[in-house]
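Inspection log for the structure reproduced underneath, given as structure tokens.
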Amino acid sequence: MAGMLDNVFIKAAVLTTIVFSLGVLVGAWLDVSRLESVKASLEDISDSWSDARMQTLYYQMFVKAPGFCDAAIQSNLDFNAKIYEEGVRIERYEEVNKFTPALLSEKRRYALLQLQFWFNSVELRESCDANYTTLVYLYSKNDSLSIEQNLQSAVLLEAKDKCGDRLMLIPLPADIDIETIELVKSNFGISRFPALLIDESVVLEGLQSELDLAKAVQCLR
Amino acid sequence: MNAIIEALFLLFSVITLYMMFLFMFIYLDNRRRFGALPAAALPSVSIIVPAYNEEKNIGDTIRALQMLDYPEKLKEIIVVDDGSTDRTYRIAKGFKGIRLLRQKNNGKGSALNLGLKHARGEIVGCVDADTSPMPDALRKAVPFFGDKSVAGVTGAIIVRNPAGLAGKLQWLEYVMIVWSRKIFEFIESVYVTPGPFSLYRKDVLRKLGGFDESIMTEDIEIAWRLLGRGYRIRMAKDARVLTRVPDNAAAWWAQRLRWNIGGLQTVLKYRYTMFSGHYGTLGNVVGPFFLTSYVVSILGFALFAYIAGSWIWQNLFFTTGAYAIGLDPLAHYELLIVPDVFTFFGLLTFLISIVWVNLGLRMIGERSPPGSKLRDLVDMLVYLSLYITVFPLNLVYSMLKYLSGKYHW
């Protein structure tokens, strides 16, 4: 009797250990697959970014024809769409990935690309006299702000839908220890999230409705 | 906070998987003797029916007992009226060939003890007054007493009135109880000899002092006492009895409250046996199983409540916030599941549960409740999600009631 008991109890323990380990392995495999996919995508975006940046430089250094300015702005806009989607994907994966802290470094890489995109957009707007608004959206990973930030994201998505190419939407994670972002926060006195920085001059802190935005974003009026 | 929730979820998954695999291995190791019925001489049996205000059911129950396929000279029916204020006594008095006892209302345990005192049979059967054994129930249960170490035998209690969703769910629950109790028999751990139909060796029952009248579930307590004294309990899965179950939520809640409080009383009474080898499977299996099931139920419910509550909270605030700032919330809802380690364990546990319930239905020989139009799978899904979610609430409430001391039969 005791032998039979031990037997089934031990057999169940062994199988539980195997299945649990298998589950953890599957979880880790899913995490790694997601990380690899983000990495590959960021590589691709990074190449697109270099291309867009080269076009801006090429225009500034060698060519002054207006057609090239349009092409550089278009490349910049295409890049905006790509990197925005990637940002959403990283945020989603960050919530579910349990075994791969490396995703944080990809998020930092993504934030750096966004920063470069922002500066390039400002530079292009000045040198090409382009008519678009840059809107930097700084958000925090603080869980208590998630509802407010989800609402802000929804407002910004609708604004982007309405404005199209006349609005450059640049979401930036505010608390991932990137010195440039810290500098931006400090220069513009941003301490509360979500925060919006419009055309490098207007700072709006806390949740903003579309009506609030319309006061500072021309294409929404 | 999230890390704690995730760790608890993994702990919950490990315990649940372990219990499921344990049950599966016990079944696989014993499947050949699953339906075995030993051959043995028929002993004399006294069937005690404690009844309190059972005017609607007592007649049917006595008729069913009289129709039991068992030699008349070996069968005795004792009805104990526990101070009913309705026509129970008068109805029982109208039947010939039964012994009718009467006492002031003193509870079921007391009524059973009175019956036990007067019983003449070698074996004592206890049958609830709202229960009807099938004609062959006794013949399919009694042979297990051929083994001298067996002091208790119970049968398969099936719901007689599976009407409405609640009835169907309870029908499924009762079949699952039969299934799991048979599994427990193989590790000598049948932890309850349920009131609707159980048989005992009379001399053992008398030697142990009869039923404990202070415990709300005398049927759990007596099973623990038998196991603790080294006796065996058998589950006669083919000895079928039909019983009535609560047909409304309030009655169901009150019944479960009594079960849970009685369970707690028993756990506390026998706490000294917990994890002790001196008391056989009572200390090694039954006690720890009760504790584990309490932990799993409450932990599972707490996790579910936290996850579902957070989701509802988030969506409620998102919706109201969206309307407040002029957004259409429906345009921004996202129903997207990104699979992770928790999805894996959640899905695996759910799939194993479905297989387990299905296997149980097949092994017990039940497919769907009479007159059911629901497909088995739908029943199962509802059973697994709704029923198991509500039960822990009752358990926690029972614990609070027990601690407050404000409970009665």
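All chains are named by letter (A, B, ...) in the order of the sequence lines, taking the proteins before the strands, and each is independently numbered beginning at 1. Because the structure is a prediction, the values reported are computed rather than measured.
- Between B:Asp328 and A:Glu158, the shortest heavy-atom contact is N-OE2, 4.4 Å.
- When all heavy atoms of A:Thr16 and B:Phe21 are compared, the closest pair comes out as OG1-CD1, 3.5 Å.
- With rounding to the nearest 0.5 Å, the separation of CD1 in A:Ile18 from CG in B:Leu17 is 12.5 Å.
- Remark: A:Asn131 CG is loosely packed, at most 12 non-hydrogen atoms of other residues, nucleotides or ligands lying under 6.0 Å away.
- For a residue to count as touching a neighbouring chain, one of its non-hydrogen atoms must lie under 4.5 Å from one of that chain's; by this rule A:Leu25 does not touch chain B.
- Counting only heavy atoms from C-beta outward, the side chains of A:Leu30 and B:Asp340 never approach each other to under 4.5 Å.
- In terms of heavy atoms, A:Ser209 sits closest to B:Ile325 at CB-CB, 3.8 Å.
- Around CG of A:Asp177, the count of heavy atoms belonging to other residues, nucleotides or ligands within 6.0 Å does not exceed 12.
- In this structure, the side chains of A:Lys11 and B:Leu22 stay at 4.5 Å or more apart for every pair of heavy atoms.
- The heavy-atom pair separating B:Phe317 from A:Ile147 by the smallest distance is CB-CD1, 3.5 Å.
- The contact between B:Phe344 and chain A is made entirely by side chain atoms (from C-beta outward), counting heavy-atom distances below 4.5 Å.
- What you find for B:Val341 and A:Gly23 is that their closest heavy atoms are CG2-O, 3.6 Å.
- Few gaps surround CD on A:Gln74; more than 12 heavy atoms of other groups in view lie less than 6.0 Å from it.
- More than 12 heavy atoms of other residues, nucleotides or ligands lie within 6.0 Å of CZ in B:Phe289, so this atom counts as buried by the packing criterion.
- Contact annotation for B:Tyr18: both backbone and side-chain heavy atoms come within less than 4.5 Å of a heavy atom of chain A.
- For chain B, the nearby parts of A:Val19 are the backbone and the side chain; heavy atoms of each come within less than 4.5 Å.
- Only the side chain of B:Leu348 comes within contact range of chain A, with at least one heavy atom under 4.5 Å from a heavy atom of that chain.
- You'll find the ring centres of A:Phe9 and B:Phe25 outside the 6.0 Å limit.
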